[in-house]
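Input: a single structure, listed below in structure tokens.
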Amino acid sequence: MDEGVRVRFAPSPTGALHVGGARTALFNWLFARHHGGRFVLRSEDTDRERSRPEWERAIMDALSWLGLDWDEGPDKGGPYGPYRQSERLDLYRAEAERLLARGDAYLCFCTPEELARRREEALAHGLPPRYDGRCRDLTAGERARLQAEGRRPVIRVRAPGAGTTVVEDLTRGAVAFDNDKMLDDFVILKSDGWPTYNFACTVDDHLMRISHVIRAEEHLSNTPRQLHLCRLLGYDPPRFAHVPMILAPDRSKLSKRHGAVAVEEFRAAGYLPEAIVNYLCLLGWSPGDDREIFTLEEAARLFTLERVNRTAAVYDVEKLTWMNGHYLRAADLDRLADLVEPRLAAAGLLDGERPDRPWLKRVLAAVRDRARTLAEIPDLVSYFFREPDTYEDKGVRKHFQPEAAGLLEEARAVLAGLEPWTVEAIEAAYRGLAARLGIAAGALIHPTRLALTGRTVGPGLFDVIYLLGRERCLERLERAVRFIRAGNPALVEAQQVGGKN
RNA sequence: GGCCCCAUCGUCCAGUGGCCUAGGACACCACCCUUUCAAGGUGGAGACUCGGGUUCGACUCCCGAUGGGGUCACCA
């Protein structure tokens, strides 16, 4: 039974993969993997105006990056291809001809303009805007005349008439639609011969042996149309499961105006795929207990449609960001270094040279608790690569009082002769110096941090000293002493060290 | 507007008639740890939309109202 599970993700390549689409793809993937079934990728590029090959590529890249691999698709083929609707036109045409031959469909010569006008009129009279069926029973002569006017016909399918269509939805139960209200004679083949969504989708789901259609709730009201087509075409319909929508913080449908919503934008902003995927799992589904952190594989093991809820979810970047921080802290340091290096280069911190790998890893280990995204890291580590060009204002006032100069000189002397150069030895030396001077360690530590990093916050100072190395520490301490002695806030001297306090 | 779906902390999720004095997470506040900031730990504040039923007993079942969302194309 399980081996029959075949699901699909069928995006239209008219834009980037956004979080809503990603979540739909994710649920399909989880369902397929849970059942040991197949996950099919199908490109629904029947909107000739807006579809672009670049978008198809971008969507596939985003899916791959998220770790959602497909078993059949436009790029890798499969037994039921092609997997691009623009390459399946003859299939739709053939099915449309079958309906035409049986009288279940007919040619309609109404123009888009005429239809739009009638729709407006209906709306103005408070009536539902349905097709009025005026081309339903055209005689051959009338058809010829309309054809001669230069009108290009569409093919419409006949509505079923009175009755109800029940969608047995796996997540919502039975949903009944009144045929009279829901179904009019809708278009299945446009005047250019290309199929409409409902038609292409129905034909493909059948031909591709799709067992479960898992998609966003916005498609629920399309389902009666697809069921009607299945009936006319003699298809055994797939099972349907409509999953809740993902909404923007203002509870409206997600769009670009809500900031970053595309997966690739999150990638660029320094989010990790496992964080995005984990977060998306939690939007509309849960494993049933309080666990929130899990891998794709664990989620696949736990995933069932029964546990998908029915409530639209507002998506919250804050929590995603928190989760990203969690995965940043858990990430393998070599991988982290690979991800961060290009960002350091882009930030101009590398001077074309590759940093020493073991050293870089230690630097990252030292700062990553303070980062929530990769994008924050260059700034957090900048002083490891170049001298700070300013001293933080409030730090200067607090830690660079005149007496600090002497302290820093003492510290410099201690570091100058310290052996061995280890974090432990540095700490022991610093604490020893503080004790000898009869001051709190903090009174030494804070000015030193400011001198070395230009900042008042950062990783533990002894790690910073160790990672910076003796030479740079001595230079920076010396420079800070000069800065203080010059009697800050002496603007001239501040400028001299490159700052603009 | 018609039709459809939905309704627990600000947000996400748990809760399937008594285990609920409603649980967890993010965010928020406090404290602890601590050289700073984080991270981590502990604690706190914070919700069952409303009104009727059903029942010995409703967050849980039914009906209605209200609210939110979706959909009504030669877009998908």
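A note on names: the letters A, B, ... follow the listed sequences, proteins ahead of strands, and every chain is numbered from 1. Please read all numbers here as calculations on a predicted model, not as lab measurements.
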Next item on the list: Answer yes or no: is there a side-chain heavy-atom contact under 4.5 Å between A/L360 and A/L333?
Entry: no

Next item on the list: Check the distance between B/C4's P and A/L183's CG and give it to me in whole angstrom.
Entry: 13 Å

Check: Distance check: side-chain N/O of A/T46 vs OP1/OP2 of B/A76, anything under 4.0 Å?
Finding: yes

Next item on the list: Could you tell me which residues satisfy salt bridge (charged side-chain N to carboxylate O under 4.0 Å, His left out) with A/K398, sequence neighbours excluded, listed by chain and number?
Entry: none

Note to self: What's A/F462 touching, base or sugar-phosphate or nothing? Going by heavy atoms closer than 4.0 Å.
What the structure shows: base

Margin query: Categorize A/A441 for me: base, sugar-phosphate, or nothing, with a 4.0 angstrom heavy-atom threshold over every strand shown.
Written below: nothing

Next item on the list: Among the candidates B/U35, B/A76, B/U71, find the nucleotide nearest to the side-chain atoms of A/N222.
Entry: B/A76

Check: What interatomic distance, in whole Å, is found between P of B/C62 and the corresponding atom of B/U16?
Finding: 16 Å

Notebook entry, point to check: Checking all strands, does A/E292 fall into the base, sugar-phosphate, or nothing category for heavy-atom contacts under 4.0 angstrom?
Noted result: base

Notebook entry, point to check: From B/A38, B/G40, B/C72, pick the nucleotide closest to the side chain of A/P129?
Noted result: B/C72

Next item on the list: Decide yes or no, distance alone: a donor-acceptor N/O pair under 3.5 angstrom between the base of B/C6 and the side-chain of A/R310.
Entry: no

Notebook entry, point to check: Nearest to the side chain of A/V457, which nucleotide is it out of B/U36, B/G15, B/C12?
Noted result: B/U36

Margin query: Tell me every residue that passes side chain to side chain contact (heavy atoms under 4.5 Å, CB included) with A/R156, counting only those two or more places apart in sequence or in another chain.
Written below: A/Y106, A/C108, A/L115, A/Y131, A/V154, A/D185, A/V187

Checklist line | Side chain of A/S221 - closest among B/A76, B/U71, B/C26 | finding: B/U71

Checklist line | Watson-Crick or G-U wobble mate for B/C50, both contacts under 3.5 Å | finding: B/G64

Below 3.5 Å is the cut-off: list the nitrogen or oxygen pairs between protein and nucleotides 62-69 of chain B, distance only.
from  : atom 1 : to     : atom 2 : distance (Å)
B/G68 : O2'    : A/R251 : NE     : 3.1

Notebook entry, point to check: Judged by atom type as modelled, is there a donor-acceptor pair below 3.5 Å linking the side chain of A/R23 to the main-chain atoms of A/P244?
Noted result: yes

Checklist line | Euclidean distance for P, B/A7 against B/U60 (whole angstrom) | finding: 11 Å

Checklist line | Sub-4.5 Å side-chain heavy-atom contact between A/L418 and A/I426 | finding: yes

Next item on the list: Give a yes/no on whether any side-chain N or O of A/R215 is located under 4.0 angstrom from OP1 or OP2 of B/G70.
Entry: no

Check: Does any nucleotide pair with B/A25 by Watson-Crick or G-U wobble geometry, both distances under 3.5 Å, and what is it?
Finding: B/U11

Next item on the list: With a 4.0 Å heavy-atom cut-off, tell me which residues in residues 151-165 of chain A come close to RNA chain B, sorted by residue number.
Entry: A/V154, A/R156

Notebook entry, point to check: Just checking A/S191: base, sugar-phosphate only, or nothing, at a heavy-atom cut-off of under 4.0 Å?
Noted result: base

Notebook entry, point to check: Which whole-number value in Å describes the distance from A/D289 CG to B/C12 P?
Noted result: 19 Å

Item checked: Inter-nucleotide P distance (B/C61, B/A27), Å rounded -> 32 Å

Next item on the list: Establish, from distance only, whether the side-chain atoms of A/N324 and A/T373 form a donor-acceptor pair under 3.5 Å.
Entry: no

Note to self: Rounded to whole Å, please give me the gap between CD1 in A/I439 and C1' in B/U35.
What the structure shows: 12 Å

Note to self: Is the phosphate of B/C13 approached by A/N309 (side-chain N or O, under 4.0 Å from OP1 or OP2)?
What the structure shows: yes

Note to self: By nearest atom, which of the nucleotides B/C26, B/U35, B/C13 is closest to the A/H446 side chain?
What the structure shows: B/U35

Item checked: Gap between atoms CG and P, on A/N324 and B/A27 respectively (whole Å) -> 13 Å

Item checked: Nucleic acid contacts - residues 196-204 of chain A versus RNA chain B, non-hydrogen atoms under 4.0 Å -> A/T196, A/Y197

Note to self: I want to check one thing: is the phosphate of B/A73, taken as OP1 and OP2, less than 4.0 Å away from some side-chain N or O of A/K190?
What the structure shows: no

Notebook entry, point to check: Between A/F303 and A/F27, is the ring centre distance below 6.0 Å?
Noted result: yes

Notebook entry, point to check: Is there a Watson-Crick or G-U wobble partner for B/U71 with both distances under 3.5 Å, and if so, which one is it?
Noted result: B/G2

Next item on the list: Please measure how far the P atom in B/C50 lies from the corresponding atom in B/C31, and state the result in whole Å.
Entry: 36 Å

Next item on the list: Pick base, sugar-phosphate or nothing for A/H219, based on heavy-atom distances below 4.0 Å to the nucleic acid.
Entry: base

Check: How long is the line joining CG of A/D45 and P of B/C75, in whole Å?
Finding: 14 Å

Next item on the list: Kindly indicate whether the side chain of A/C473, heavy atoms from C-beta on, has any atom under 4.5 Å from the side chain of A/L452.
Entry: yes

Margin query: Can a side-chain donor-acceptor contact be found between A/R301 and A/H34 if the only test is distance below 3.5 angstrom?
Written below: no

Next item on the list: Taking atom C1' in both B/U54 and B/C63, compute the distance separating them and give it to the nearest angstrom.
Entry: 11 Å

Notebook entry, point to check: Is it true that a side-chain atom of A/D104 and a backbone atom of A/R158 form a donor plus acceptor pair closer than 3.5 Å?
Noted result: no

Notebook entry, point to check: Is B/U36 paired to anything, Watson-Crick or G-U wobble with both distances less than 3.5 Å, and if yes, which nucleotide?
Noted result: none

Next item on the list: Give one of base, sugar-phosphate or nothing for A/G460, where a contact means two heavy atoms less than 4.0 Å apart.
Entry: base

Notebook entry, point to check: Which part of the nucleic acid, if any, lies within reach of A/A176 when heavy atoms closer than 4.0 Å are counted: base, sugar-phosphate only, or nothing?
Noted result: sugar-phosphate

Checklist line | Touch class at under 4.0 angstrom, heavy-atom based, for A/R119 against every strand present | finding: sugar-phosphate

Item checked: C1' spacing across the pair B/G10 / B/A45, given as an integer number of angstrom -> 13 Å

Next item on the list: Give one of base, sugar-phosphate or nothing for A/R130, where a contact means two heavy atoms less than 4.0 Å apart.
Entry: nothing

Margin query: At a heavy-atom distance below 4.0 Å, what parts of residues 448-456 of chain A sit against RNA chain B?
Written below: A/R449, A/T456

Check: Is there side-chain contact between A/L233 and A/H206, with heavy atoms separated by less than 4.5 Å?
Finding: no

Next item on the list: Measure the spacing between CZ of A/R151 and CG of A/L107 and express it to the nearest 0.5 Å.
Entry: 13.0 Å

Margin query: Does A/D316 contact B/A27 through a side-chain donor or acceptor facing the base, at a distance under 3.5 Å?
Written below: no

Checklist line | Sugar-phosphate, base or nothing in reach of A/L461, heavy atoms under 4.0 Å | finding: base

Next item on the list: Would you mind pulling out the nucleotide paired to B/A30, Watson-Crick or G-U wobble, both distances under 3.5 Å?
Entry: B/U42

Note to self: Could you tell me how far B/G44 sits from B/U49 if I compare only their C1' atoms? Round to whole Å.
What the structure shows: 26 Å

Margin query: By the 4.0 Å heavy-atom rule, please label A/P249 as base, sugar-phosphate, or nothing.
Written below: nothing

Note to self: I'd like the C1' distance from B/U8 over to B/G46, given in whole Å.
What the structure shows: 12 Å

Notebook entry, point to check: Which part of the nucleic acid, if any, lies within contact of A/G288, taking any heavy atom under 4.0 Å across all strands shown: a base, the sugar-phosphate backbone alone, or nothing?
Noted result: sugar-phosphate

Notebook entry, point to check: Counting only side-chain N and O atoms of A/R291, is one of them less than 4.0 Å from OP1 or OP2 of B/C13?
Noted result: no

